[in-house]
There are 4 protein chains.
Amino acid sequence: MVYSSNLKLATAALIAGLFSLGQAYAQNQPGAVPKPPKMVPEMTEFWEPEVKTITPGTGTAAPSDAVILFDGKDLSQWKGKDGGAAKWQVKDGAMIVTKGTGAITTKQNFEDFQLHVEWSAPTEVVGNSQGRGNSGIFLQDRYEVQVLDNYNNRTYANGQAGSIYKQTPPLVNAMRKPGEWNTYDILYTAPRFKENGTLIMPARVTIIHNGVVVQNNTEIKGATEYIGLPSYKAHGKAPIQLQDHGNPVRFRNIWLREL
Amino acid sequence: MVYSSNLKLATAALIAGLFSLGQAYAQNQPGAVPKPPKMVPEMTEFWEPEVKTITPGTGTAAPSDAVILFDGKDLSQWKGKDGGAAKWQVKDGAMIVTKGTGAITTKQNFEDFQLHVEWSAPTEVVGNSQGRGNSGIFLQDRYEVQVLDNYNNRTYANGQAGSIYKQTPPLVNAMRKPGEWNTYDILYTAPRFKENGTLIMPARVTIIHNGVVVQNNTEIKGATEYIGLPSYKAHGKAPIQLQDHGNPVRFRNIWLREL
Amino acid sequence: MVYSSNLKLATAALIAGLFSLGQAYAQNQPGAVPKPPKMVPEMTEFWEPEVKTITPGTGTAAPSDAVILFDGKDLSQWKGKDGGAAKWQVKDGAMIVTKGTGAITTKQNFEDFQLHVEWSAPTEVVGNSQGRGNSGIFLQDRYEVQVLDNYNNRTYANGQAGSIYKQTPPLVNAMRKPGEWNTYDILYTAPRFKENGTLIMPARVTIIHNGVVVQNNTEIKGATEYIGLPSYKAHGKAPIQLQDHGNPVRFRNIWLREL
Amino acid sequence: MVYSSNLKLATAALIAGLFSLGQAYAQNQPGAVPKPPKMVPEMTEFWEPEVKTITPGTGTAAPSDAVILFDGKDLSQWKGKDGGAAKWQVKDGAMIVTKGTGAITTKQNFEDFQLHVEWSAPTEVVGNSQGRGNSGIFLQDRYEVQVLDNYNNRTYANGQAGSIYKQTPPLVNAMRKPGEWNTYDILYTAPRFKENGTLIMPARVTIIHNGVVVQNNTEIKGATEYIGLPSYKAHGKAPIQLQDHGNPVRFRNIWLREL
């Protein structure tokens with residue numbers, strides 16, 4: 001019943017289209033150029049496949065289809081780089097980079113995803129440039145999105161918060177003050193490789209920092225290198241890594257949606 | 001003074017690099033393959049140009065570098081399609097699509113941008129499919145991001161909220177209930193044309209709907225067409241248009257950052 | 001020995017670089033911005049991996065690393081669509097579309113490649129528009145590069161020789177006369193799909209027709225459809241198909257290089 | 001008259017489509033999902049704009065729409081870097097790099113193009129690595145396609161013939177012997193910049209060397225740098241430059257088609 005009036009409309013339109021088709025071809029004197037017959041609206045309306053429905057979160061809370069990587073309680077979704085337990089401190093709903101315990105990575109491996117992370121630079125300001133509130137989020141364990149306290153703290157442009165570290169600076173510096181919570185919303189498309197290991201499609205990333213776009217579909221140039229130029233080496237699914245750079249940066253509310 | 005220790009480090013590294021360069025070339029027996037000398041970290045650290053600092057908004061409030069298109073008070077940034085005053089009702093901090101008054105467009109023209117829009121489907125649910133809570137946001141006056149009440153209301157996939165209308169469905173349906181506020185965060189890169197009018201780079205768009213990505217760097221196929229296939233026609237900067245589809249959809253908190 | 005003078009130069013440059021590094025940092029009064037130290041030329045010279053050497057062909061003959069798909073003698077590299085023997089006639093170094101025997105496909109499957117094909121429209125001109133000298137080359141068995149006698153024979157733009165059939169017209173019509181040999185040099189990058197079957201990277205194709213570019217890194221929109229709109233469906237490696245459209249089009253000198 | 005039978009067919013198909021539309025909607029029991037009505041073939045057949053016809057050249061000769069940059073007779077299309085006359089020797093239908101006279105550039109400026117160049121390394125083999133038969137083709141005066149005698153002469157991969165110099169190695173080494181003529185067929189898409197000078201679309205290039213693809217839609221990373229990393233600086237149309245690297249490399253049959 002729902003579509004009955006639509007049907008009449010569509011039929012009417014189609015018949016109108018039929019006539020205009022007739023006209024188009026009727027105009028075709030020898031040498032005249034045919035015009036494509038008019039379509040009806042329904043011809044560009046595709047009901048299948050049905051779009052999956054999810055429930056968005058309130059504010060920055062996780063939507064219903066997210067993998068919860070950290071909900072403030074424990075590090076059960078994480079492990080140390082040696083494969084053992086993740087040893088960072090968990091306190092007041094946040095995990096805190098605990099100097100000397102090393103980076104931590106998710107137990108799960110991922111390919112393409114939307115990742116939400118909140119982080120806070122230490123309230124006590126110590127050091128400057130790269131020495132202040134330094135950590136990092138390594139997408140697929142190798143492509144670093146920089147985490148750094150860049151509030152009133154200049155460093156090299158391609159090394160500041162929101163940069164693809166040592167590759168691409170953020171479009172703007174959208175930092176909140178030390179102790180306040182920053183949000184990263186990261187859209188990541190993994191690189192693809194040929195069977196012979198060569199790159200066929202580079203990784204791409206979009207980053208929203210505190211609601212402001214800082215990377216807009218940026219092409220990642222290869223695995224992050226502290227010294228020298230980045231390059232790609234074939235790999236499959238891989239975890240998210242959070243860096244221990246020795247500063248007590250805090251993280252909370254980490255969730256991921258596989259794309 | 002700040003960089004003096006860095007300088008020592010860099011110098012040490014460079015001298016180390018010098019030796020490793022010597023080694024690399026010393027290894028070059030006839031026929032041996034040269035290895036590139038090792039770089040020092042500072043060679044991939046670029047301080048200039050300095051990244052501009054902005055102040056992010058709280059929650060979804062506008063950041064400091066945004067153009068405020070609607071702050072809840074008046075339609076001073078908008079005009080009717082005929083160039084005259086925009087005639088939609090403003091009430092309780094929202095603008096309301098006022099049937100029969102026509103679409104409204106921004107007075108300013110834009111090219112590439114980040115656009116934040118909040119919208120709410122009418123609390124009183126009327127109609128179904130495309131007949132329920134229908135409006136639209138036309139990027140550069142011609143590429144429509146669909147606005148529709150798709151809460152428990154199925155329609156064609158490429159016509160639902162978050163779709164590039166009649167082109168690309170959203171990745172998921174992330175609607176809130178009628179009367180609740182939805183957010184769209186839209187990253188838009190305008191198409192580019194050659195001097196002769198042909199397309200050299202299609203438009204691209206990323207859309208976050210209520211914090212969930214629904215378009216991820218989607219290529220726009222051309223101007224939105226209700227009947228037939230989209231195509232491109234050269235144009236320059238152009239306004240944002242909000243559609244009057246006859247339903248009392250509300251909009252609020254509209255801001256844009258030029259990219 | 002070969003690089004000894006290079007070494008001296010590089011060392012000199014590096015030492016010069018060292019000084020300029022010193023200078024850069026010496027300039028760093030409090031608040032001054034560091035400049036990256038100067039690199040030496042060898043730092044952007046990469047000898048490994050070594051580029052493979054091949055022997056190009058004379059004129060349009062196959063290079064040394066090509067798979068020879070047709071050398072004028074037999075159809076041993078081809079099969080019928082039913083999997084049986086290919087039944088087209090081979091005569092005077094060419095294969096001839098033999099009406100009613102059906103399309104033929106290569107026995108091998110391919111992914112990304114450079115394909116060289118020569119083809120000739122029938123000397124005896126019969127029919128017009130799509131009815132004259134019609135055949136086609138289906139990349140990966142589903143994406144058609146049109147073969148048609150468009151010498152003084154207009155048809156729809158996106159259906160003429162050099163088009164991605166029913167998708168993208170050629171940039172120009174570069175046809176030779178019926179009976180003369182046309183060349184197609186086709187650079188094809190296969191689409192890539194996610195594990196769940198959705199498209200992650202569309203196919204792309206560049207076509208040189210008689211030495212003139214007619215498709216320049218064109219995005220393929222999906223499998224060729226005679227009726228309706230193209231769309232993608234996940235697939236792996238697949239053969240080259242030549243179409244039997246009922247006209248005695250001839251093909252010769254077909255070779256392919258896997259990329 | 002030509003299309004009359006097509007018209008009948010189309011009409012029949014449309015009427016059939018009408019019925020199938022009816023069927024589609026007739027099937028729509030409450031809750032059923034509409035199917036788009038079937039299109040007719042002509043709906044995806046576009047006759048306008050008409051594709052321009054050109055006459056291809058025989059072999060590697062220029063097509064009818066080419067700008068002839070060098071036909072073997074004189075350097076009338078070229079100038080020196082100082083704006084004065086180009087001073088290279090012309091002999092036996094070729095121009096010869098004449099040491100110390102400097103690079104030459106076309107008088108005309110170009111944006112996107114197809115460029116055909118033939119070049120020959122000196123018959124007398126002198127030097128090795130970059131010292132043997134070195135020249136270069138600078139697209140838009142700044143992006144170098146390397147010209148080098150790499151026949152049995154290894155050098156760094158991203159510096160050999162067919163490379164984007166100091167950026168991307170060729171896919172294979174397809175060199176002919178010294179004294180023999182090599183062909184380059186180059187498809188070049190110029191970078192585009194925003195009004196503020198930032199890059200919006202990098203340059204891209206495809207190169208066919210002696211009939212073999214060596215660059216396949218390669219992204220150019222910026223202006224060629226001998227020392228350090230490439231980067232982009234906004235520019236408009238610009239000439240083709242041929243480099244004087246001190247070796248008597250010969251060029252002939254140079255033509256260009258604006259795209």
Side-chain angles (χ1 to χ4, degrees), chain A residues 2-3 6 13 36 38-41 43-57 59-61 63 65 114 116 128-129 154-160 166-167 169-176 185 187 189 204 206 208-213 216-217 225-229 257 259, chain B residues 2-3 6 13 38-57 59-61 63 65 114 116 128-129 154-160 166-167 169-176 185 187 189 204 206 208-213 216-217 225-229 257 259:
Chain A
V2 169
Y3 302 105
N6 272 358
K38 207 176 177 192
M39 295 169 62
V40 295
M43 286 174 177
T44 48
E45 298 172 0
F46 301 99
W47 293 69
E48 300 283 6
E50 185 175 2
V51 175
K52 185 185 152 194
T53 295
I54 60 120
T55 305
T60 61
D65 63 343
Q114 171 177 8
H116 177 86
N128 54 44
S129 190
R154 188 169 175 190
T155 188
Y156 38 97
N158 60 342
Q160 69 184 60
K166 292 237 169 172
Q167 298 185 18
L171 293 167
V172 292
N173 178 344
M175 281 296 296
R176 295 196 194 282
D185 289 284
L187 310 179
T189 304
R204 292 194 162 269
T206 292
I208 315 272
H209 183 193
N210 295 327
V212 174
V213 62
N216 189 359
N217 191 38
E225 295 288 349
Y226 178 56
I227 296 176
L229 304 174
R257 297 176 58 250
L259 297 178
Chain B
V2 168
Y3 302 106
N6 273 357
K38 206 176 178 191
M39 294 169 62
V40 295
E42 288 78 5
M43 287 173 176
T44 48
E45 298 172 0
F46 300 99
W47 293 69
E48 300 281 7
E50 186 175 1
V51 175
K52 185 185 154 194
T53 296
I54 61 121
T55 304
T60 61
D65 62 343
Q114 171 177 8
H116 177 87
N128 54 42
S129 190
R154 189 169 175 188
T155 187
Y156 39 98
N158 62 342
Q160 68 184 62
K166 292 235 168 174
Q167 297 185 18
L171 293 167
V172 292
N173 179 344
M175 282 295 296
R176 295 197 194 282
D185 288 284
L187 310 179
T189 304
R204 292 193 162 268
T206 291
I208 316 273
H209 183 193
N210 295 327
V212 173
V213 62
N216 189 1
N217 191 39
E225 296 287 350
Y226 178 56
I227 296 176
L229 304 175
R257 297 175 59 248
L259 296 179

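If you're wondering where the values come from, they're calculated on a predicted model, not measured in any experiment. Quick note on labels: first sequence line is chain A, next is B, and so on, each numbered from 1.
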Report task. Examine whether an atom of N217(B) lies under 4.5 Å from a heavy atom of chain A, and if so say whether it belongs to the side chain, the backbone or both; otherwise answer neither. Result -> side chain
Report task. Against chain A, label N216(B) side chain, backbone, both or neither, depending on which of its atoms sit under 4.5 Å from a heavy atom there. Result -> side chain
Query raised in the report: Any side-chain heavy atom of L229(B) within less than 4.5 Å of one from M39(A)?
Result: yes
Query raised in the report: So which heavy atom on A174(B) is nearest to which on V212(B), and how close?
Result: CB-CB, 4.2 Å
Query raised in the report: Which region of T206(B), side chain (C-beta onward) or backbone (N, CA, C, O), has a non-hydrogen atom less than 4.5 Å from a non-hydrogen atom of chain A, or is it both or neither?
Result: side chain
Requested in this report: Can you tell which part of P170(B) gets under 4.5 Å to a heavy atom of chain A, answering side chain, backbone, both or neither?
Outcome: both
**Report entry** Contact origin within T60(B) toward chain A - heavy atom pairs under 4.5 Å
**Finding:** neither
Report summary line: Checked H116(A), Q160(A), R204(A) vs chain B; the most non-hydrogen pairs under 4.5 Å come from Q160(A)
Report summary line: Here the pair of heavy atoms bringing W47(B) nearest to R154(A) is O-NH2, 2.8 Å
Requested in this report: Flag the one option from T189(A), I54(A), T55(A), L259(A) with the top tally of heavy-atom pairs under 4.5 Å to chain B.
Outcome: I54(A)
Report task. Sort L187(B) into side chain, backbone, both or neither according to what part of it lies under 4.5 angstrom from a heavy atom of chain A. Result -> side chain
**Report entry** Residues which pass salt bridge (Lys or Arg N to Asp or Glu O under 4.0 Å) with R176(B), listed by chain and number, not counting sequence neighbours
**Finding:** none
Report task. Counting only heavy atoms closer than 4.5 Å, note whether Q167(B) contacts chain A via side chain, backbone, both or neither. Result -> neither
Report summary line: Applying side chain to side chain donor-acceptor pair (under 3.5 Å) to R257(B) and not counting sequence neighbours gives D65(B), Q114(B)
Query - pair I208(B)-D185(A): side-chain heavy atoms closer than 4.5 Å - result: no
Report summary line: Ranking T44(B), L171(B), T53(B) by heavy-atom pairs under 4.5 Å to chain A gives rank one to T44(B)
Report task. Might you point out which heavy atoms bring N158(A) and E45(B) nearest each other, and give the distance in Å? Result -> OD1-CA, 3.8 Å
